[in-house]
Amino acid sequence: MKVIEKDGAVKQFKFEDEEGKKAFRHTTAHILAQAVKRLYPGTKCAIGPAIENGFYYDFDFDFPFTTDHLAAVEAEMHKIVKEGLPLKQYNLSRSEALKLMEEKDESYKIQLIEDHEESDVLSFFQQGEYVEFCAGPHVTNTNIIKAFKLTSVAGAYFRGDEKNKMLTRIYGTCFPKASQLETYLKQVEEAKLRDHRKLGKELGLFALMEEGPGFPFFLPKGMVLKNLLIDYWRKLHTRERYVEISTPMMLNRELWETSGHWDHYRENMYTTVIDDTDFAIKPMNCPGGMLVYKMQPHSYRDLPLRMGELGLVHRHEKSGQLHGLMRVRCFTQDDAHIFMTKDQITSEIKGVVRLIDEVYKKFGFTYHVELSTRPDNSIGSDEDWEVATNGLKEALDEMEMPYVINEGDGAFYGPKIDFHLNDSIGRTWQCGTIQLDFQLPQRFEAEYIGEDGKKHQPIMIHRVVYGSIERFIGILIEHYAGKFPTWLSPVQAKVLPVSEHFMGYASEVVSQLEEQGIRVELDERNEKLGYKIRQAQMEKVPYMIIIGEKEQESNTISIRKRDEKETENMSISDFSRLISKECQ
């Protein structure tokens with residue numbers, strides 16, 4: 001499809017291209033605004049950007065707009081698409097733009113124009129009678145928008161500032177083909193069934209409470225799951241010759257000024273005063289890792305030095321952005337910091353990539369890789385950024401790993417490689433990251449003695465595999481729909497006696513399985529077997545063990561898998577071997 005830029009240039013893109021998606025979605029937002037203005041002329045328009053998987057537009061209605069109104073708006077949008085209105089880009093001076101918006105009584109557009117400082121020449125787009133102050137991009141005609149759906153209505157402050165008026169936000173999604181829209185909407189419905197907040201409560205994994213917004217409570221079964229992930233993490237890192245450290249949760253302002261976080265990240269940090277000194281609860285583990293590195297002198301023979309840390313960090317997120325375990329205010333970061341020489345950059349990056357690949361395959365994830373480059377608010381020299389960026393590229397190229405460049409999205413101290421997971425229903429999650437950093441070792445004056453006997457500055461890798469353990473658990477809950485593989489299930493088997501007469505033998509079975517390290521529960525309730533089976537299925541336990549007269553007399557058990565109806569009789573030792581094999 002052809003896309004119009006803010007300078008009027010026309011370029012060719014596919015919907016699969018990011019620029020193509022943005023133009024397609026942004027144009028649909030304009031069609032939404034045009035439809036609203038046709039139906040409800042007294043409405044004032046605010047902003048309507050393209051977002052991931054769709055678009056939204058904020059309106060100031062002069063009546064209570066609800067989801068009941070969406071059908072009429074959507075029908076008007078279809079009319080606009082059929083009209084085949086061409087989109088035209090043109091420029092106005094600031095005074096001309098203000099006059100136009102005053103004539104149309106668009107007060108929010110007037111504010112946007114007044115606050116626009118980039119240029120006195122402003123870009124506008126027009127389709128039919130509808131005119132929008134906008135930089136684009138857009139497709140060339142409304143008839144290109146083939147399939148769309150308005151999905152929800154929500155409240156939103158103008159420009160996200162709670163001091164401003166609450167507006168009505170209409171969300172939607174759009175695709176070039178009806179089949180793509182249908183697939184996406186089915187995915188959304190499936191995602192609702194897999195919602196980790198709902199399943200986390202039903203499965204007794206975690207709780208979110210009013211007393212601590214954004215601070216999750218992990219329940220006993222959730223702690224089993226969390227510790228299984230940690231145990232697996234420790235096993236891999238021991239094999240890969242990482243040493244594990246733990247640094248304090250709170251450190252003084254001077255440290256955060258040295259690291260640069262006080263200047264670049266302070267609005268996301270929780271601070272306090274102790275003994276007349278400013279302190280901050282750590283939002284990241286890396287400055288503490290730097291202090292550990294500096295505790296003793298190092299030689300080139302010590303490098304690479306790989307230090308892992310399961311550090312609890314706190315970051316202030318706005319209340320409206322909190323979402324279950326996916327966006328929280330405290331989480332456990334499975335950090336590691338690798339100190340190395342310049343000559344070791346490529347080999348260490350490749351080692352981390354291999355480790356991340358192994359972990360994601362363990363959970364059945366596929367993924368794609370993005371290389372993010374220098375942002376506007378960066379620190380450090382051009383030379384260091386070039387060396388760091390080229391080091392990441394070289395490692396990925398040598399491994400023949402496909403990647404895309406994400407311009408300007410690196411950390412303020414260095415470029416990074418991000419790993420985006422694809423889950424079982426096709427959604428994407430950003431989890432693992434590798435960041436190459438020349439700046440923090442400079443700021444902390446970290447050193448090692450080289451082969452030449454002189455002092456040198458080490459290069460530092462920041463990396464996570466899970467990212468946030470809490471968020472990774474949320475992703476796993478939705479990826480598996482709560483049906484964890486046997487090795488990861490908080491309860492691997494549930495023993496279901498047919499009646500209380502077999503409770504004694506059932507207890508013996510539980511004891512023998514526990515001795516084999518199997519996580520097992522006994523359902524002691526005086527309920528019918530069918531009820532107990534349904535309950536175990538709702539709890540998504542991998543195996544149900546049925547105990548009745550036949551099993552007691554033969555000293556065996558009957559097992560039933562969670563998604564099957566048939567049962568299989570076997571010895572307790574055979575079942576233990578089955579579980580052991582599934583946990584390898």
Side-chain angles (χ1 to χ4, degrees), residues 230 232-248 251 255 258-260 282 284-311 333-359 379-381 383-399 401 411 413-417 432-465:
I230 289 173
Y232 174 59
W233 184 92
R234 285 198 168 113
K235 179 181 177 182
L236 287 182
H237 285 72
T238 298
R239 185 194 73 192
E240 297 297 317
R241 300 186 180 279
Y242 284 75
V243 295
E244 187 174 351
I245 64 171
S246 178
T247 61
L251 296 162
L255 173 84
T258 301
S259 69
K282 65 178 180 181
M284 300 176 184
N285 298 305
C286 30
M290 290 298 315
L291 295 183
V292 172
Y293 177 85
K294 288 188 64 179
M295 286 181 63
Q296 63 187 60
H298 294 280
S299 160
Y300 70 94
R301 294 186 180 89
D302 302 326
L303 306 182
L305 175 59
R306 308 181 186 111
M307 295 195 307
E309 178 173 14
L310 295 162
Q333 211 169 28
D334 66 313
D335 248 327
H337 298 102
I338 303 173
F339 299 88
M340 60 193 175
T341 67
K342 283 187 178 181
D343 293 339
Q344 294 168 335
I345 290 176
T346 301
S347 61
E348 286 303 302
I349 294 292
K350 289 164 71 174
V352 175
V353 171
R354 281 192 289 266
L355 177 63
I356 292 175
D357 178 74
E358 178 179 350
V359 171
I379 57 177
S381 68
E383 180 183 355
D384 284 346
W385 273 89
E386 184 176 0
V387 171
T389 304
N390 288 338
L392 297 182
K393 286 181 178 179
E394 187 176 332
L396 293 173
D397 289 340
E398 287 187 11
M399 298 184 76
M401 178 165 287
Y413 49 77
K416 61 177 181 172
I417 298 171
T433 186
I434 306 171
Q435 301 172 353
L436 194 55
D437 185 2
F438 284 67
Q439 313 311 323
L440 217 57
Q442 281 182 6
R443 284 175 165 257
F444 280 87
E445 299 179 346
E447 298 174 340
Y448 71 91
I449 304 300
E451 285 187 83
D452 57 4
K454 296 180 181 179
K455 293 181 179 179
H456 297 268
Q457 177 193 302
I459 313 302
M460 187 180 187
I461 289 176
H462 308 251
R463 48 111 291 201
V464 292
V465 181

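Values below: every heavy atom of this structure, side chains too, minus hydrogens, waters and symmetry copies. When a residue number appears, it is its place in the shown sequence, counting from 1.
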>> Once salt bridge (charged side-chain N to carboxylate O under 4.0 Å, His left out) is applied, do any residues pair with Glu394, and if so which ones, sequence neighbours excluded?
In response: none
> How close do Leu440 and Cys286 get, heavy atom to heavy atom, and via which atoms?
Replying inline: CD2-CB, 3.9 Å
> Which pair of non-hydrogen atoms, one from Ser259 and one from Pro287, has the smallest distance, and what is that distance?
Replying inline: CB-CG, 3.8 Å
> Can you name the nearest heavy-atom pair linking Lys454 to Asp452, along with the distance?
Replying inline: N-OD1, 2.9 Å
> Between the main-chain N or O of Val464 and the side-chain N or O of Asp334, is there a donor-acceptor pair closer than 3.5 Å?
Replying inline: no
> Does some side-chain heavy atom of Phe444 sit less than 4.5 Å from a side-chain heavy atom of Met460?
Replying inline: no
> So, do Phe339 and Met290 sit near enough that their side-chain heavy atoms are less than 4.5 Å apart?
Replying inline: yes
> Which atom names give the shortest non-hydrogen contact between Gly308 and Tyr242, and what distance separates them?
Replying inline: N-CD2, 4.3 Å
>> Do Leu305 and Ile338 make a side-chain contact, defined as non-hydrogen atoms from C-beta onward lying under 4.5 Å apart?
In response: no
>> Enumerate the salt bridge (charged side-chain N to carboxylate O under 4.0 Å, His left out) contacts for residues 341-359, please, sequence neighbours excluded, ordered by first and then second residue.
In response: Arg239-Glu358, Arg306-Glu348, Lys350-Glu398, Asp357-Lys361
> Tell me, which pairs form a side chain to side chain donor-acceptor pair (under 3.5 Å) where one or both residues lie in residues 285-295, sequence neighbours left out?
Replying inline: Lys282-Asn285, Asn285-Asp335
> Where is the tightest heavy-atom contact between Ile345 and Gly391, given as atom of each residue plus distance?
Replying inline: CG2-CA, 4.1 Å
> Is there a side chain to side chain contact (heavy atoms under 4.5 Å, CB included) between Leu355 and Arg463 once you walk through the steps?
Replying inline: CA-CA 11 Å; Leu355 177 63; Arg463 48 111 291 201; 3.6 Å; yes
> How close do Gly289 and Ile245 get, heavy atom to heavy atom, and via which atoms?
Replying inline: CA-CD1, 4.2 Å
>> For a 4.5 angstrom cut-off between non-hydrogen side-chain atoms, does Leu291 reach Met295?
In response: no
>> Going by ring pair (Phe, Tyr, Trp, His ring centres under 6.0 Å), name the residues that satisfy it together with Tyr448, two or more places apart in sequence or in a different chain.
In response: His456
>> Given 3.5 Å as the limit, does a donor-acceptor pair link the side chain of Ser299 with the main chain of Asp302, or not?
In response: no
>> Test of understanding: with side chain to side chain donor-acceptor pair (under 3.5 Å), list the residues that count as partners of Asn390, not counting sequence neighbours.
In response: none
> Between Ser246 and Glu309, do the side chains contain an N or O donor and an N or O acceptor separated by less than 3.5 Å?
Replying inline: no
> If we only count heavy atoms from C-beta on, is the Thr238 to Trp233 side-chain gap below 4.5 Å?
Replying inline: no
> Could you go step by step and tell me if Thr341 and Ile459 meet the side chain to side chain contact (heavy atoms under 4.5 Å, CB included) rule?
Replying inline: CA-CA 6 Å; Thr341 67; Ile459 313 302; over 6 Å; no
>> Walk me through whether Lys416 and Leu436 qualify under side chain to side chain contact (heavy atoms under 4.5 Å, CB included).
In response: CA-CA 6 Å; Lys416 61 177 181 172; Leu436 194 55; over 6 Å; no
>> Strictly by salt bridge (charged side-chain N to carboxylate O under 4.0 Å, His left out), give each pair with a member in residues 438-449 just once, sequence neighbours left out.
In response: Glu447-Lys455
